[in-house]
Each structure stands twice: as structure tokens, then as C-alpha cells.
Amino acid sequence: MREKILSAICFSGILLGYISCSAGCRENKTESQKTVGPWVEESYLESVESKDYDGYTFCVLVQNNETDLGSHNTICAEDLTGCVYQDSVTERNRCVESLLNINIAQNIGNVSSGINSDIQAGVSNYDIAYPDFEAAARLSVKNALQNLNLVEDLALQQPWWDEASVRDLPIANSLWFAENSINLQYVDSTYLLFFNQNRLTDLGFESPCQLVREGKWTFDAFYNMICSAAQDTNNNGAADAPGDYFGLKTSGYLKEALLSGAREYLVLPNGEESCTPNVFSAEVRNVAEFADKLLNDSKITAVAWNGDGMEAFNLNANAVYNGHTLFHEGRLCEYDQLAEASEDKFGFLPFPKASEEQEFYGSGVYWFRHTTLCYVIPANAVDLHRTCQISEALAIYSYEKLYNTYYSSLHKNDPDSYDMLKTIDSSRIYDFGFIFNWGNIAGYYDSMTNSERETNPKEYESMLNKFEKEMEHAIHALDPGRE
């Protein structure tokens, strides 16, 4: 009974929090009539049992990534402020704290240093942590993390754990880091395409959302729309005049996003004793050639880092906000700035499939330093059972409370946005090629996307030798008993 009463109180608090947000927080506009259902339809709140941990302080160490745009990486928020997402975090914590008789504390800093220092000093200041992927990879090789696959009290197959992370991130038969609903920053960092709905209407184009539903949203369809949307009014071969329009604007990770859209990996995830480089496959080369075609055509694509001087940079970077491009490659965390800086209306899309024969769409997760954070348990955790019980309670409450709050602020009851976000959320993938980057395999792929740069056999052999050496070193460190 106590759990049901607490759930009802907390849910009422969440509903009351659906009011206008301050700057930097998404506004939740209430429609007169709902057109879509809740993001999470099944409740698991009653599965969280009441326990008494005697006022224990559950401490979470979170990597400082304040430079990343608008990411939702907060574990502890201030008291109710009127910001819907932050208030949902506060209400979640109050529910779990009351149910388990604990206090939840958050430290923001360098996760690698924090965990390594604790281990060296023989102390345990943190119950769980959220490092970025690169830091998590380094910590795992140093045996500084718990193998989540061996922790019995984590329900890794339940929906509050990100299925793709549990599928793609095991290595050496072990899972050292994963994603769950406690921290939605990994959702923020998922690749997607924004499209300008005003521009789409002006051009009279078919809705790309319908193409997605029909399984026809492909590289070819994407390219045709980009080319049709581009306009070069002064016929100088580049979109650089006031009346010119781009088809696509990219900020720097188009190559990686296209690769995930094709559901191709630089390193094939098998979760077993070794990893296989896939960068030399015909499928990856096809993606690299398509990326090259887009990135090196200044008439159709605005590249914000093209090196043509600050004037060109500003023109290209602002193409999204002034309505002079149809598509914009981005991440969900960029939505706030996009909505606030432009008068136009934007929709969401997954990245296109390589072809119609590809069964599923793919949505990669941005991996660069200090951006995407992941769940870990330090190797020196004192009470694993308690850590897991509290983690699971936080994840279950987050799954229902934070997910519904977060996604409703994005789709705003629009069926197209709702469907596209569902597709993106269900198609997430993770790539060890970017996370561990053995042999600089990510750099090798980057060179493949530039037709002006020839790669020679010696460069290929050097990369492959370094890959195998560094990968084997990591596998042996993660599985010392391996022969």
C-alpha cells in the first residue's frame, strides 16, 4: 500500500510540473486533445519494494560535460523550479529516497580520476558513476569497473535498460558499461536528422516521415531530396548568395551518422573473445563514398568547418536557423537551441538506410570525448546488492517519469514526431570502433570519406597491425585467464 500511495503522490507532482520552462529547458505545450499515447505505456512502479537503508547516502559521480549542448545529464536537481524535466528528476529522487530511506547525492568531476584515486587509496566514495565512453573504456581495461553481466541484482533485460547497449557493448564475454534510464544523456546524444517543415512545404515535397514508415527512406531518397532542395541563384557552383539554399547542413559527424544509418560497424560486436574490424567491407566503403559525395559538394551541403574563412563558416553554420537548408544532421540535445533560434518548425527523422533491402534503420550514439555518458559500478563498490537495488529503483522510476516527460517535450503530441522518435529510439547502435578506436580505425574510416586523399596498402597494413595489437592487449586485460 505504501508503494502505491508514494507512486500516486509522485505522479501527481509530475503532472503539476507540466508548466512553462525557463530558458534552456524545453517548453511543454499542452494540446486541447491528445493525438498520441504516453511514451511508456506499462508501469513497473509497483515492482519496487520498500526497504530501509537507514538514511544511507547514495553517491553518484558524473563526468563534467558542461560544454555539450543541452544534455540531460542531471542526477540530482534543485527543488521544484517549473522546468518540467528538472522537476521530474526532483520528484523521482524524492520518491526513491522515501521508499528506500536513502539520500541521493551527485558529484560532478573527472570520473577516471575519482575512481582511480579511490581504488589506490582503498576507499569507496561512489556507488555508481557516469563517465564518458572513452573514460569507461580506459577504466574497464584497468579492471576498475564491475562486470555488469556478473552482477545478479541488475535486470539488464528489462526495458529501463537500453537494449542496444546491452547487445552491442559486451566485450570479452563481459559488460563493463551500459545505458539505463537514470541518465537520459545517451538519448540526447543519438544521431538524427532535423528537417525544416516550412521549407519542405514550400518545395511541395512528399513527407519523408511517410518514406520512413514505408521503409523507403534510403540514401538515394535522401540524396534526391537534398539535390532538389538546393538552389544556386548566381550559378557559381556554391550556395553563397542570399537567395541560395542548401539541401543539407552538417556540423561534423555526418560520416559516423551515415555509417550507423546503414547499420554498419567499424568493429563488429560479438561480445566474445575477439573483435573483428569491418572497416574494409564493401558495405562500409559504400557508406564512405556516399559521405564523400555529400561533404565535397558545396552546392548542396553546408559544412560548418570547411576552412574557407569565418565569413563562409558563419553563412554555413547559420543556414539552419535562417531557413536556408532543408536537412540538418544533429542530435536530440540540439533541439532546444534550434527551436529557440529559428522561427521555422522542425521535424525529426532517423538517418536513411543504405537501401530498401536493409531491414532496420540505425541510429548511432555520439561518442566523442566528454559527451555521451554511460552507467558503471566501480570495482571497489562496498555493497553490490544495495548498489543494485537502489540503481534499479532509480531506473524504474526514471523509465516511467523521465521518459514520458522528456519525449512529450519533443513530440508535442504530433503523430509524425512521435513515430519518428519511436523509430530512432528503437534503432540505436553502439560501435567499439569509435569507443576504443584500436589502431585509430576511426581515423582510417575518416580518410576513406575523402576521395582527394589516397590511402595506400602500407597505411592499411599499419592500421590493421596496430588494431590487432591494441585489441588483443585490451582483451587480455579484460579477461586475464584467456590463453
Side-chain angles (χ1 to χ4, degrees), residues 24 26-27 29 68-72 187-203 205-213 217 219 221-230 239 245-258 260-261 291 294-295 300-305 315-353 361-366 371 406-412 414-425 427-428:
R26 297 182 184 127
E27 180 185 1
K29 298 179 180 178
D68 199 31
L69 180 64
S71 294
H72 292 74
V187 181
D188 266 340
S189 295
T190 304
Y191 296 129
L192 79 164
L193 282 168
F194 294 108
F195 67 95
N196 188 311
Q197 294 185 353
N198 300 68
R199 180 75 177 137
L200 190 78
T201 300
D202 291 344
L203 292 166
F205 286 172
E206 177 184 6
S207 170
C209 298
Q210 189 58 32
L211 292 177
V212 173
R213 293 188 184 98
W217 181 234
F219 281 2
F222 182 40
Y223 185 71
N224 289 338
M225 291 187 75
I226 289 172
C227 292
S228 298
Y245 287 87
F246 296 104
L248 169 69
K249 184 260 180 178
T250 174
S251 301
Y253 33 88
L254 179 69
K255 295 167 281 192
E256 294 87 349
L258 286 171
S260 63
L294 292 176
L295 289 169
I300 63 172
T301 304
V303 181
W305 74 98
L315 174 65
N316 292 355
N318 291 330
V320 178
Y321 306 114
N322 60 25
H324 278 248
T325 186
L326 178 58
F327 293 108
H328 167 44
E329 147 257 86
R331 296 169 290 155
L332 279 175
C333 62
E334 298 174 36
Y335 175 75
D336 287 335
Q337 187 181 56
L338 189 60
E340 292 171 6
S342 176
E343 295 181 358
D344 290 348
K345 183 179 180 182
F346 292 88
F348 314 98
L349 291 169
F351 264 78
K353 302 188 294 184
Y361 293 97
S363 301
V365 176
Y366 189 58
T371 51
Y406 178 90
Y407 279 107
S408 66
S409 71
L410 286 166
H411 64 67
K412 302 185 188 303
D414 173 63
D416 279 347
S417 296
Y418 182 90
D419 289 349
M420 295 305 102
L421 288 169
K422 279 288 187 182
T423 298
I424 292 165
D425 188 63
S427 63
R428 196 173 291 112

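Values below: every heavy atom of this structure, side chains too, minus hydrogens, waters and symmetry copies.
Residues L294 and T301 come closest through the heavy atom pair O-OG1, 2.8 Å. Looking at every heavy atom in both residues, K249 comes nearest to T325 through N-OG1, 3.4 Å. Nearest heavy-atom pair across Y361 and V212 is OH-O, 2.9 Å. Residues F351 and L192 approach most closely at CE1-O, 3.3 Å, considering heavy atoms. The two residues Y191 and S260 come nearest to each other via the heavy atoms CD1-OG, 3.9 Å. Between F348 and C209, the closest heavy-atom pair is O-SG, 4.3 Å.
For the atom pair K255 NZ and Y253 OH, the distance stands at 13.0 Å (nearest 0.5 Å). The line from OG of S363 to CE of M420 is 11.0 Å long, rounded to the nearest 0.5 Å. The structure places CG of L203 at 9.0 Å from OH of Y245, a figure rounded to the nearest 0.5 Å. Note: K353 NZ to L211 CG = 10.5 Å, rounded to the nearest 0.5 Å. One distance of note links OG1 of T423 with CH2 of W217; it measures 13.0 Å at 0.5 Å rounding. Here CG of D425 is found 7.5 Å from OG1 of T190. Values are rounded to the nearest 0.5 Å.
In summary, the aromatic rings of Y335 and F346 are positioned with their centroids too far apart to meet the 6.0 Å limit.
Checked by atom type and distance alone, the side chain of N196 never pairs as donor or acceptor with a backbone atom of L326 at under 3.5 Å. Between the side chain of S342 and the main chain of L338, no donor-acceptor pair closer than 3.5 Å is present. The backbone N or O of A229 sits less than 3.5 Å from a side-chain atom of R199, completing a donor-acceptor pair. Side-chain atoms of E329 come within 3.5 Å of backbone N or O of L254 as a donor-acceptor pair.
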ask   = Can you check side chain to side chain contact (heavy atoms under 4.5 Å, CB included) on Q197 and D344, steps first, answer last?
value = CA-CA 7 Å; Q197 294 185 353; D344 290 348; over 6 Å; no

ask   = For M225 and F327, what are the C-alpha separation, side-chain angles and deciding distance, and is it a side chain to side chain contact (heavy atoms under 4.5 Å, CB included)?
value = CA-CA 9 Å; M225 291 187 75; F327 293 108; 3.9 Å; yes

